[in-house]
There are 2 protein chains.
Amino acid sequence: MAKASDKAYDTIRAMILSGELAAGDQLAEETLAERCGVSRTPVRDALRRLEAELLVRRSDSQRTFVSDWSLDDVEDAFELRAMLEGMAARRAAERMDQATIERLRLCNARLGAAIRGARADVASFLEENRLFHEIILKAADSRRLASLLGSLIEQPVVWRTAQHYGPGAFARSHSEHEDLLAAFARGDGAWAEAVMAGHIRRAFHVYADAHRGMTAIDRGAA
Amino acid sequence: MAKASDKAYDTIRAMILSGELAAGDQLAEETLAERCGVSRTPVRDALRRLEAELLVRRSDSQRTFVSDWSLDDVEDAFELRAMLEGMAARRAAERMDQATIERLRLCNARLGAAIRGARADVASFLEENRLFHEIILKAADSRRLASLLGSLIEQPVVWRTAQHYGPGAFARSHSEHEDLLAAFARGDGAWAEAVMAGHIRRAFHVYADAHRGMTAIDRGAA
DNA sequence: CTCGCTCACGTTGTATACAATAACTCTTTT
DNA sequence: AAAAGAGTTATTGTATACAACGTGAGCGAG
């Protein structure tokens, strides 16, 4: 694997998501290169990747800035995810085989185990959740769809969302996955699509509620 | 504008689409650099862009190859386009203002003029068609949506499709655009979405029939 | 004859130097 | 004083040299 290029990518991405680089800040390739401990070449590669994910934005003439993520932007991302993952679920349902259903069942069983008990194991939940969606996306068997969704799923956003899940929200995620399994078992694409779209949209509202709470606190503090 | 980088991008893309580089061929950066008359650096940039558009594919260890475009792949692309442009049309309808409607009306009037008469002016048709869709996409006001669609709309595919339009198909495109205008004028997002999705799917079938060497749509539409 | 190992070559990744270009500032003129 | 212009600086684009790495071919042993 390309080492320096990925290092630059991870580092810059982390700096953006942690707020170390604020929205609107200019990103000079040479400065970033120093802070990442690599040369400008891999930094350029990293910036191109981040640009494709819309985490950074290139000005009219090629200077790059940290893009500002309003709630509207996040809502856009979720709306697109709901539509595309819905499509993935439909296609997956139309192509599903027994072995894949079994893998999904196991995966969701582990997810269920992770959230049972007094304190949910959020890390395991996230990992199993990621895997569950990944299996479906692979079963959908469309390179283009996978490519588009790849640039859309911001794991940090997913992470932040899950931080605000209560016990009920975890359980609902689990049971929505079970609904998906039922739809897959019957090869009902329309059902799978509907459940998946709802699944994603619910996640958005958890995020939005948490965001509004944070904003309110921020305003109060200022 | 970055000169060498775009030159490399355009050149390689043209070589792929013209068949000068066959599907499955390996793309060595240095070879391409020579043929484009630039160095490897801009070639690398170009390959990254082409990779994002799925025109090339990177093997397990970083060698790049021309990806093979089966009819299924093209169908995937059209299916995604239908969904995403449908979404764009719905959002546009919900945000439409009078000035934009007027621009669209003018644009479609020019499109209509281009296809009236004995021989359709295909170049003008394509340009006005592109502009029409671009205005809608801009009115949809979603950076992410625009970004995803940008990597999806293969102008050469659109071009090849239009080459197989008969007089009826041209007229049909024009009148579907008129339907969209009616939906926009009433702010009816669901209508706009449905018309747009059908519009794109019809284009796919024209392409698919041409691909199979048939002319069924021409007969049907005329 | 086949399997495996090694060495050479081809290809990509990274660093650095230089060229081009856009932004900024300071000066000058009206 | 405001605006325009030129020179300076900051930043990106490009080329090239070198390093790392995987691949394949050729050779030797079983």
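In what follows, every chain begins at residue 1, and chains take the letters A, B, ... in the order their sequences are listed.
- With hydrogens and angles left out, the side-chain atoms of A/Arg144 and B/Ser151 include no donor and acceptor closer than 3.5 Å.
- One atom, OH of A/Tyr9, and another, C1' of C/dG13, lie 19 Å apart when rounded to the nearest Å.
- As rounded to whole Å, 15 Å separates atom P of D/dA20 from atom NZ of A/Lys7.
- The side chain to side chain donor-acceptor pair (under 3.5 Å) test with B/Glu128 singles out one residue from B/His177, B/His133, B/Arg110, B/His174, and that residue is B/Arg110.
- Rounded to whole Å, the distance from CD on A/Gln26 to P on D/dT12 is 6 Å.
- Residue A/Asp25 contributes atom CG, which lies 17 Å from atom C1' of D/dA10 at whole-angstrom precision.
- Comparing A/Arg63 and B/Gln62 by the nucleotide of DNA chain C that holds the closest heavy atom to each, the one mapping nearer the 5' end is B/Gln62.
- Nucleic acid contact for A/Leu47: none, since no nucleic acid atom lies under 4.0 Å from a heavy atom of the residue.
- Between B/Arg103 and B/Asp97 there is no salt bridge, since no side-chain nitrogen of the basic residue lies less than 4.0 Å from a carboxylate oxygen of the acidic one.
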Tabulate atom names and distances for all N/O pairs under 3.5 angstrom spanning the protein and nucleotides 14-19 of chain D.
unit_1, atom_1, unit_2, atom_2, d
D/dT14, OP1, B/Lys3, N, 3.4
D/dT14, OP1, B/Ala4, N, 2.7
D/dT14, OP1, B/Ser5, N, 3.1
D/dA15, OP2, B/Ser39, N, 2.8
D/dA15, OP2, B/Ser39, OG, 3.0
D/dA15, N7, B/Thr41, OG1, 2.8

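- The existence of a salt bridge linking A/Asp209 and A/Arg212 is confirmed by a sub-4.0 Å separation between a basic side-chain nitrogen and an acidic carboxylate oxygen.
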Set out, in order, the CA-CA distance, both residues' side-chain angles and the distance that settles side-chain contact (heavy atoms from CB on, under 4.5 Å) for B/Thr11 and B/Arg35, then state yes or no. CA-CA 9 Å; B/Thr11 307; B/Arg35 295 180 71 171; 6.0 Å; no
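- Here the P atom of nucleotide D/dT12 and the CG atom of A/Asp60 are 13 Å apart, to the nearest Å.
- Side chain of B/Arg44 to main chain of B/Arg40: no donor-acceptor pair is present (N/O by atom type, distance under 3.5 Å, no hydrogens or angles).
- Distance A/Glu51 CD to D/dT12 P: 12 Å, rounded to the nearest Å.
- One can place CD of A/Glu34 at 14 Å from C1' of D/dT11, the figure rounded to the nearest angstrom.
- Contact annotation for B/Leu32: no contact, since no heavy-atom pair falls under 4.0 Å across all strands.
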